[in-house]
Amino acid sequence: MSVEQRDLTYRNPVLNADWSDPDVIRVGDDFYLTASSFGRVPGLPLLHSRDLVNWTLVGHALERLEPEAEFTTPRHDCGVWAPALRHHDDRFWIFWGDPDQGIFQVNAPEIRGPWSRPLLVKAGKGLIDPCPLWDDETGEAYLVHAWAKSRSGVKNRLTGHRMHPHGTELLDEGEVIVDGDRIPGWFTLEGPKLYRHDGWFWILAPAGGVETGWQGAFRSRAFFGPYEEKVVLEQKDTDVNGPHQGGWVRTPSGEDWFLHFQQRGAYGRVVHLQPLRWDREGWPVLGDDGAPVAVHRRPDLPAQPSAAPATDDDFPGGRHGRQWQWAANPRDGWATQHSADGLRLTCVRSAGAHDLRTLPNVLTQRLPGDPCTVEVDLRLDSEEPGARAGLAVLGDAYGWIGLQRATDGTVHLVHRFAETVAERERDAGRPSPAPGGRARLRIDIGDGARCRFSYDTGDGPRPSGQVFAATPWRWVGALLGLVALAPSGQGHAGTATFTQFRISIQKKRADQ
């Protein structure tokens, strides 16, 4: 493919990392996207684009997860599920379902905030994937949501409610408006997005599960139904498994587009952009006649510079960038601001220091979907015996490499891992001296999220341990993590300093 052709086209995925369950809107010439953030903090990421292809992370709408007591420790697959982003009455609105708490809402006058504190619109177990609609034709407001069987015993159905126009409460007990059990061959119907178009109420909703499912469209002249349905996007003979769950958006020139996810194992749910047109019977047609496109003409929008959510970080003044999220609600003192560059993490004392999956004080960011190299410099300043810090790849199984202070005061390079079913980590490589308590840590991540760990303590790069294949959690892709910890005890255990965090993506050939 020539350079000129590439400038006129885009290649999927447009967001090649775990931006799960995306929803998208346009306000003027700007497009905004949010995604599931589950148990990580801050939550509800906010992305911005001018061309639907190049995206940047501009903030988060949720400063802390509530109720706060529920998220003092990691709950990796809980928290914020499948948010819906809307713009109404000159405000931005996000509704989401917490499967253990109910349906929440936040709103703000500008995308960068200030955002309101979460409001529990409807309490209940298993209420997930809510989406509001303000009907400009009638002044009525509605909300539709799905169900999580793990909490409610119910799934494969969508429930509709009338909603107060202020978005603060639901006005009825709700009724089932689409029952997937009554549609032959349909199962795990969820993730609805609600629209008004061409005199119809539209629900765009996926079914069939994240690995192998499809995108459905439902329409009715009345909100409470009856609805007719059609499959509008499925894998067919492509390599894009389970293409579904996302949002429809229209450009200023009248083009229609659909952003959705594809489940990619350890990489999580990456985001694809599909063209959308309407057939003679008024149904949406996504992609290439219902099959996902790999390469396509760009949207009819002004050309934009190449952009992607940030990954690298020099931690100026001890502050980390927007791309980082804690594994649970943070506490004061986990990171220290200072005058120089570098992230200074406190070696937090923890009885669970033998298992990184249980620690809230792990600072994480998404694992890139392309082969890459991850590097960071580490200095262990803590004098506490047993204090340690390092760079991790986290999932149901995890591996990490870093530095640890021994009882004799020396610092050693350590490399450890834990299998999915293991309750404690064990050595993945032989400990070696780290003079001066410093090391350059590196992970080379190849196809299939296969990770090779290495380090440099001053005498050149050295490999460590066997290849580690990253794994996801149940709904969350693998994460990169920075951590500093110490054994249980009294008093401050000192700090570790991370500098020059870099992710280098392997370049693709010009014909790819």
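Here the side chain of Arg26 pairs a donor or acceptor atom with the backbone of Gly28 at under 3.5 angstrom. Put simply, the side chain of Asp89 never gets that close to the backbone of Arg91: no donor and acceptor are under 3.5 Å apart. Formation of a donor-acceptor pair under 3.5 Å by the Arg151 side chain with backbone atoms of Leu127 is not found in this model. Distance alone, capped at 3.5 Å, is enough to place a donor-acceptor pair between the Ser220 side chain and the Ala222 backbone. In this structure, the side chain of Asn156 engages the main chain of Leu189 through a donor-acceptor pair within 3.5 Å. Under a 3.5 Å cut-off, the side chain of Ser36 and the backbone N or O of Ala82 do form a donor-acceptor pair. Between the side chain of Asp98 and the backbone N or O of Asp100 there is at least one donor-acceptor pair closer than 3.5 Å. A donor-acceptor pair is defined here as one N or O able to donate and one able to accept, closer than 3.5 Å; such a pair exists between the side chain of Arg366 and the backbone of Asp18. Although no hydrogens or angles enter the test, the distance criterion places no donor-acceptor pair under 3.5 Å between the side chain of Asn329 and the main chain of Val41. Under the 3.5 Å distance criterion, the side-chain polar atoms of Thr34 are matched with a main-chain donor or acceptor of Pro45.
Contact detail for Ala17 and Leu367: the closest heavy-atom pair is CB-O, 3.9 Å. What you find for Ala478 and Ala470 is that their closest heavy atoms are CB-CB, 4.1 Å. Here the closest heavy-atom approach between residue Ala449 and residue Ala266 is recorded as CB-CB, 3.8 Å. Between Pro192 and Ile203 the shortest heavy-atom distance is CB-CG2, 3.6 Å. Pairing each heavy atom of Gln215 with each of Ala205, the nearest pair is NE2-N, 3.1 Å. Minimum heavy-atom separation, Val121 to Gln105: CG2-CB, 3.7 Å.
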(request) Go through the steps to decide whether Trp186 and Glu229 satisfy the test side-chain hydrogen bond (donor to acceptor under 3.5 Å, both in side chains), and finish with yes or no. (result) CA-CA 11 Å; Trp186 285 59; Glu229 82 284 340; 5.1 Å; no
(message) Pair Trp96, Leu62 - check side-chain contact (heavy atoms from CB on, under 4.5 Å), show working.
(response) CA-CA 11 Å; Trp96 75 94; Leu62 189 60; 4.0 Å; yes
(message) Walk me through whether Trp202 and Trp248 qualify under ring pair (Phe, Tyr, Trp, His ring centres under 6.0 Å).
(response) CA-CA 11 Å; Trp202 288 92; Trp248 161 43; 8.0 Å; no
(message) If you apply the rule side-chain contact (heavy atoms from CB on, under 4.5 Å), what do you find for Asp312 with Ile503, and how did you get there?
(response) CA-CA 6 Å; Asp312 295 354; Ile503 297 180; 4.1 Å; yes
(request) Apply the test ring pair (Phe, Tyr, Trp, His ring centres under 6.0 Å) to residues His272 and His260: give CA-CA distance (whole Å), side-chain angles for both, the deciding distance (0.1 Å), then the verdict. (result) CA-CA 5 Å; His272 291 239; His260 68 93; 5.4 Å; yes
(message) Does His161 form a ring pair (Phe, Tyr, Trp, His ring centres under 6.0 Å) with Tyr142? I'd like the steps, not just the answer.
(response) CA-CA 6 Å; His161 296 264; Tyr142 305 95; over 10 Å; no
(message) Could you go through Arg388 and Leu403, starting from their C-alpha distance and side-chain angles, then the distance that decides it, and tell me whether this counts as side-chain contact (heavy atoms from CB on, under 4.5 Å)?
(response) CA-CA 5 Å; Arg388 49 199 181 273; Leu403 299 173; over 6 Å; no
(request) Let me see the working for Tyr398 and Asp355 under side-chain contact (heavy atoms from CB on, under 4.5 Å), right down to the final yes or no. (result) CA-CA 9 Å; Tyr398 73 85; Asp355 189 344; 3.4 Å; yes
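No side-chain heavy atom of Leu65 sits less than 4.5 Å from a side-chain heavy atom of Arg75. In this structure, the side chains of Ile183 and Val178 come closer than 4.5 Å at one or more pairs of heavy atoms. Using a 4.5 Å cut-off on side-chain heavy atoms (C-beta onward), Pro132 and Met163 make contact. Considering only heavy atoms from C-beta on, Leu485 comes within 4.5 Å of Leu356 through its side chain. Between Pro13 and Val271 there is no side-chain heavy-atom pair separated by less than 4.5 Å. The side-chain heavy atoms of Leu120 and Glu66, taken from C-beta on, include no pair separated by under 4.5 Å.
Remark: Asp427 engages Arg416 in a salt bridge, criterion side-chain N to carboxylate O under 4.0 Å. Between Asp181 and Lys155 there is no salt bridge, since no side-chain nitrogen of the basic residue lies less than 4.0 Å from a carboxylate oxygen of the acidic one. Classification of Glu384 and Arg405 as a salt-bridged pair fails, no side-chain N sitting under 4.0 Å from a carboxylate O. Classification of Asp23 and Arg86 as a salt-bridged pair holds, one side-chain N sitting under 4.0 Å from a carboxylate O. Comment: Arg269 engages Asp21 in a salt bridge, judged by a side-chain N to carboxylate O separation of less than 4.0 angstrom.
Around the CD atom of Glu173, the shell of radius 6.0 Å holds no more than 12 heavy atoms that belong to other residues, nucleotides or ligands. Other residues, nucleotides and ligands contribute at most 12 non-hydrogen atoms within 6.0 Å of the CD atom of Glu423. Annotation: Arg112, atom CZ; neighbour count of heavy atoms from other residues, nucleotides and ligands within 6.0 Å does not exceed 12. The number of heavy atoms from other shown groups lying within 6.0 Å of CD (Glu110) does not exceed 12. At most 12 non-hydrogen atoms from other residues, nucleotides or ligands lie less than 6.0 angstrom from CZ of Arg117.
Between Phe38 and Trp475, a ring centre-to-centre spacing not shorter than 6.0 Å is recorded. Taking the six-membered ring wherever Trp is involved, the centroid distance between the rings of Trp19 and Trp55 does not fall below 6.0 Å.
Donor-acceptor pairing under 3.5 Å is lacking for the side chains of His320 and Asp313.
The CZ atom of Arg474 sits 6.5 Å away from the OG atom of Ser150 when rounded to the nearest 0.5 Å. Here CG of Asp341 is found 11.0 Å from CG of Leu343. Values are rounded to the nearest 0.5 Å. From Ile505, atom CD1 reaches atom CG of Asp370 across 5.5 Å, with rounding to the nearest 0.5 Å. Residue Leu380 holds its CG atom at 11.5 Å from CG of Leu345, rounded to the nearest 0.5 Å. Between the CG atom of Leu391 and the CG atom of Leu480 there is a distance of 6.5 Å, given to the nearest 0.5 Å.
The aromatic rings of His88 and Trp134 sit parallel to each other, their planes meeting at less than 30°, with 60° as the upper class boundary. In this pair, His164 and His166 present their aromatic rings tilted. The plane angle is within the 30 to 60° band. Aromatic ring pairs are classed by plane angle as parallel below 30°, tilted from 30° to 60° and perpendicular above 60°; the pair Trp324 and Phe315 is tilted.
Among residues two or more places apart in sequence or in another chain, the ring-ring contact (aromatic ring centres under 6.0 Å, His included) test is passed with Trp147 by His145. Partners of Trp115 under the side chain to side chain donor-acceptor pair (under 3.5 Å) rule, at least two apart in sequence or in another chain, do not exist in this structure.
Tested against Asn12, the residues Val240, Val53, Val270, Leu273 include a single side chain to side chain contact (heavy atoms under 4.5 Å, CB included) partner, Leu273.
The cationic group of Arg196 lies under 6.0 Å from the six-membered ring centre of Phe201 and within 45° of the ring axis, placing it in a cation-pi geometry.
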